Novice: 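So that we are looking at the same thing, I have put the structure below in structure tokens.
By convention in this document, chain letters (A, B, ...) are assigned in the order of the sequence lines, proteins followed by strands, and residues within each chain are numbered from 1. As the structure is a computational prediction, the values presented were derived from the model and not from experiment.
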Amino acid sequence: MGFDNPYTNAPPIGRNPLHGILPRKATAEQVIRAMESDVNPFNKQPHKPQYKRLLERRKELPVFGQMSEFLKMFTQNQIVVVVGETGSGKTTQIPQLVCYSDLPHTKGQIVACTQPRRVAAMSVAERVANEMDVSLGKEVGYSIRFEDMNEPGATFLKYMTDHTLLREAMNDPDLKQYSTIILDEAHERTLATDLLMAFLKDLAQRRSDLKLVVMSATLDAHKFQKYLSIAGPSKPAPLFKIHGRTHPVEVFYTQEPEPDYIEAAIRTVLMIHRAEGPGDILLFLTGEEEIEDACRRIKFEADDLANQDPQSIGPLVCIPLYSSLPPQQQQRIFDPAPPSRAPSGPPGRKVVVSTNIAETSLTIDGIVYVVDPGLSQVKVYNPRIRFESLLVSPISKASAQQRAGRAGRTRPGKCFRLYMQKDFETELEEQTHPEILRTNLANAVLELAKLGVKDLIHFDYVDAPAPESLMRALELLNYLAALDDEGNLTPLGAMMADFPLDSQMAKMLIVSPEFNCSDEILTIVAMLSVPSVWRRLPNQQKEADVAKALLTIPDGDHLTLLNVYNSYISNKHDRNWCWNNYLGARALQEAENVRAQLQRTMERYDIELVTTQDERKLWQSIRKALVCGFFMQVAHKEGEKGGYLTVKDNQVVSLHPSCGLDSSPEWVIFNEFILTTKPYIRTVTEVRPEWLLEFAPNYFDLSTFPAGETKRALQSVLKKRTLKAVDGTGTGSVSTRSNKHDAEPKKKPKKQRSRAQRSGGG
DNA sequence: GAGCACTGC
């Protein structure tokens, strides 16, 4: 060429710094030259002074030295697997390199990078916008629920949560606007990442112009390579390895099994405090109660030690950490360790006692010692009884390594495992079971159906879920009429999939205008979608219960939730009102956001927001609408002692003590089954058996019903109903159509449109 | 008569 001297860094002013780069054939020399240009290649503005400073820091990242290798591999392959430990810079740098190679901005396309968590998507996008010297929300943006920080036409690099991309795919199955999709943190195997990976593997075979990068921590990279071998069964996807940059962590095991892991954990923390050099401690336990209790005991013992020997034992603060703590309290983990008591005295130390949240979601700098009892509480799904529960289980090797790594972020550290090396090697599973194997699959199956997957059983999953779990999901969706008998998505199912809700709730919301209570059902599903609004602090339980009783509607907990939300609104979202009534303001605010989002989806489908004036009629309509979604979660009273049996599955359950019903009605519908000291049902509302027969006739088809007390009770209801119908004394309350007429609909002023069209004149 | 690890739409 003779015009371009490859050895000068800056191109002439006015020249595009990307000049000479062929899309997807960029070389490291070209990219580095563009990065070092004085002009920003993406917006043609001169670089701000901080850009060069940041660039110098980026050059120290391991991935920078391997740029040439990565670009070659990216150029030559449609799919690449990247592994790199924390600190390798893969999350911030790889997407930028892909942009320099893809040049998405020249084609009106976007490079996407998914994250399992919202905060990560936001904070990484901000970081990368800084590094690229562009504005956040313009050239580099992010998409998470409730927040779309992008500018159509301008954004060419987008960080987003995995579930957000999955939603986009549901409405644009070719994901046409994306040139390359990067799945980050794939080793976490969230449900959304798993579904996306399977979907994108298939899409990549339909769209040869789409590139896919799957990024993971080192451990299961081979599995992804093999899974993504679309070039042929003997051609695994190529692997690009980035060297990590963490400090070594020395691992210690116990010589004997520890009979009491909490006691052993506390002993170990105190041993470190007494005998080890400065540095903070991170202790992993399983749950809130255990953590609070351990904090009290550690504090007590540490104070005792310090009193005995103030010359050599420094002060110690113990900080609990779990997700239900308010953010302000979570921030305490970043407080510095306490100062020593005397100028020359032993230094203070900070102990963070945490759930798994400190394993991935939150990173605490300054941790040098990790104490790992090897346990965590995990969600397990039992397809036989169709419910999820939490179980304390041994962690996986991968998880143990992740925990140990937390000690090596700032300098070499130590990890004390409270189990024997032999058990680590022989008893622990390699990987934590991916979420798809541990969860109720109803939503996932509906999402896959909406993505266009026809055969949900033989679909090419990364790890195929248990057939029984799949069958349970298909069965539920079929009863809800989201899938037909052949397993095809129905128009109703397609609509349900667009609501960010569990399928039962989506169904209930969609049919609620038929009962003239969609305004209220919308509120109830929003309240059921957020964490519990009830605050019940350990030393104020009586007061909290009194406050709750004042808001309780005895006909059902669902109605109580409605009442709480309406009271919150009529009290103008007042935080003090929330506080005085022992309610969580954050959860109520979240419910309001969710409600608004769902309302927008309803508007898209012309689902009206209607209500009924007469409160008694309204409450009854709401209870009927509940049946349309939750008919598979019904319990029937058995015996005199307030015991219940779940319908069909025959699980013995009790009403949860938080339940607000003033009696124990014969038939109830429940939102949640929880297994703690014994099996409970929570958030419970009374229903009438005739509604079950009427609104869920397929599920309550008595000819296929298991024999027992429930069946006999339903049979007698059916018999009475038939008799009434024959002699003409029926009240009409069992007819679907009648309830449309017996309540005068009160429409919201703004929403005067299509109800008549939809229900054929109603 | 008692509390749910952690994400996400």
Novice: Hey, does the side chain of Thr190(A) come within less than 4.0 Å of dT7(B)'s phosphate (OP1/OP2), counting only N and O?
Specialist: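 No, outside the criterion.
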Novice: Thr677(A) near the nucleic acid: base, sugar-phosphate alone, or nothing, with a heavy-atom cut-off under 4.0 Å?
Specialist: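 Answer is sugar-phosphate: Thr677(A) comes under 4.0 Å of backbone atoms only.
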Novice: What do you reckon, is CD of Glu289(A) surrounded by more than 12 foreign heavy atoms closer than 6.0 Å?
Specialist: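 Open: at most 12 neighbouring heavy atoms sit under 6.0 Å from CD of Glu289(A).
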Novice: Please report the distance, rounded to the nearest Å, between CD1 in Ile681(A) and C1' in dA2(B).
Specialist: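 Whole-Å distance recorded here is 15 Å.
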Novice: Atom CH2 of Trp534(A) and atom C1' of dG3(B): how far apart are they, to the nearest Å?
Specialist: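 That distance rounds to 15 Å.
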Novice: Taking any heavy-atom pair under 4.0 Å as a contact, classify Ile357(A): base, sugar-phosphate, or nothing.
Specialist: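 The residue Ile357(A) makes sugar-phosphate contact but no base contact.
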Novice: What's Ser376(A) touching, base or sugar-phosphate or nothing? Going by heavy atoms closer than 4.0 Å.
Specialist: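 No contact.
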Novice: What is the nucleic acid contact for Arg189(A), judged by heavy atoms within less than 4.0 Å: base, sugar-phosphate only, or nothing?
Specialist: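 Nothing, no heavy atom under 4.0 Å.
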Novice: How close or far is atom P of dC9(B) from atom CG of Leu196(A), stated in whole angstroms?
Specialist: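 My rounded result for the distance is 12 Å.
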Novice: Measure the distance from CZ on Arg682(A) to P on dG3(B) and round it to the nearest whole Å.
Specialist: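 To the nearest whole Å, that distance equals 9 Å.
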Novice: May I ask you to check whether Tyr159(A) and Tyr142(A) place their ring centers less than 6.0 Å from one another?
Specialist: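 Tyr159(A) vs Tyr142(A): aromatic centres not under 6.0 Å.
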Novice: Counting the atoms with a prime plus P, OP1 and OP2 as sugar-phosphate, which does Thr355(A) contact under 4.0 Å by heavy atoms, base, sugar-phosphate, or nothing?
Specialist: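 Result for Thr355(A) = sugar-phosphate.
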Novice: Determine the contact category for Phe146(A): base if any of its heavy atoms lies under 4.0 Å from a base atom, sugar-phosphate if only primed atoms, P, OP1 or OP2 are that close, otherwise nothing.
Specialist: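 Here Phe146(A) touches no strand at all.
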Novice: Write down the distance between CE (Met602(A)) and P (dC9(B)), rounded to a whole number of angstrom.
Specialist: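 Computing the Met602(A):CE to dC9(B):P distance gives 21 Å.
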Novice: For Glu359(A) and dC6(B), what is the distance between atoms CD and C1' respectively, to the nearest whole Å?
Specialist: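 Roughly 10 Å, once rounded to whole Å.
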Novice: Do other residues, nucleotides or ligands put more than 12 heavy atoms under 6.0 Å from the CD atom of Glu258(A)?
Specialist: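 Yes, CD of Glu258(A) has more than 12 neighbouring heavy atoms, counting only those of other groups under 6.0 Å.
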Novice: Look at all strands and tell whether Asp545(A) reaches a base, only sugar-phosphate, or nothing, counting heavy atoms closer than 4.0 Å.
Specialist: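 Base contact - Asp545(A) has a heavy atom under 4.0 Å of at least one base atom.
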Novice: In terms of the nearest nucleotide of DNA chain B, which residue is placed more toward the 5' end: Gly287(A) or Phe499(A)?
Specialist: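 This one resolves to Gly287(A).
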Novice: In whole angstrom, what separates Leu437(A)'s CG from dT7(B)'s C1'?
Specialist: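 Nearest whole value for this atom pair: 17 Å.
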Novice: Over how many whole Å does the gap from Leu655(A) atom CG to dA2(B) atom P extend?
Specialist: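 Atom CG in Leu655(A) sits about 13 Å away from atom P in dA2(B).
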Novice: If you check every side-chain atom of Glu288(A), which of dA5(B), dT7(B), dG8(B) has the closest atom?
Specialist: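 The nucleotide sitting nearest to the side chain is dA5(B).
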Novice: Among dC6(B), dC9(B), dG8(B), find the nucleotide with the atom closest to the side chain of Pro500(A).
Specialist: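 That would be dC9(B).
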Novice: Within the structure shown, what part of the strands sits under 4.0 Å from Leu166(A) by heavy-atom distance: base, sugar-phosphate, or nothing?
Specialist: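 No contact at all - Leu166(A) keeps every heavy atom at 4.0 Å or more from the nucleic acid.
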Novice: So which one's nearest nucleotide on DNA chain B is more toward 5', Thr161(A) or Lys678(A)?
Specialist: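 Nearest-nucleotide comparison on DNA chain B picks Lys678(A).
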Novice: Provide the closest heavy-atom pair for Phe424(A) versus Lys397(A) in the form atom of the first, atom of the second, distance.
Specialist: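 Smallest interatomic distance, heavy atoms only, reads O-CE, 3.1 Å.
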Novice: Please state whether the phosphate of dC9(B), meaning OP1 or OP2, lies under 4.0 angstrom from any side-chain nitrogen or oxygen of Arg118(A).
Specialist: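 For Arg118(A), the contact criterion (side-chain N or O under 4.0 Å from OP1 or OP2 of dC9(B)) is met.
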Novice: Assess whether one donor atom and one acceptor atom, taken from the side chain of Gln115(A) and the base of dG8(B), lie less than 3.5 Å apart.
Specialist: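 Between dG8(B) and Gln115(A), which were checked side chain against base, a qualifying N/O pair under 3.5 Å is absent.
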Novice: Nearest to the side chain of Pro657(A), which nucleotide is it out of dG1(B), dT7(B), dG3(B)?
Specialist: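 The nucleotide sitting nearest to the side chain is dG1(B).
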Novice: Quick one about Asp148(A) and Ser143(A) (side-chain donor to acceptor, distance below 3.5 Å, no hydrogens or angles considered), yes or no?
Specialist: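 Side-chain D/A pair, Ser143(A) to Asp148(A): present.
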Novice: Base, sugar-phosphate alone, or nothing: which one does Arg145(A) contact when heavy atoms must sit under 4.0 Å apart?
Specialist: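 Counting heavy atoms under 4.0 Å across all strands, the contact made by Arg145(A) includes a base.
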Novice: From the list dA2(B), dC6(B), dG8(B), which nucleotide is the closest neighbour of the side chain of Ser361(A)?
Specialist: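 Closest nucleotide among those given: dC6(B).
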Novice: Under a 3.5 Å threshold, yes or no: a donor from one side chain and an acceptor from the other, between Glu290(A) and Thr286(A)?
Specialist: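 Their side chains do contain a donor-acceptor pair, which is all the 3.5 Å distance test asks for.
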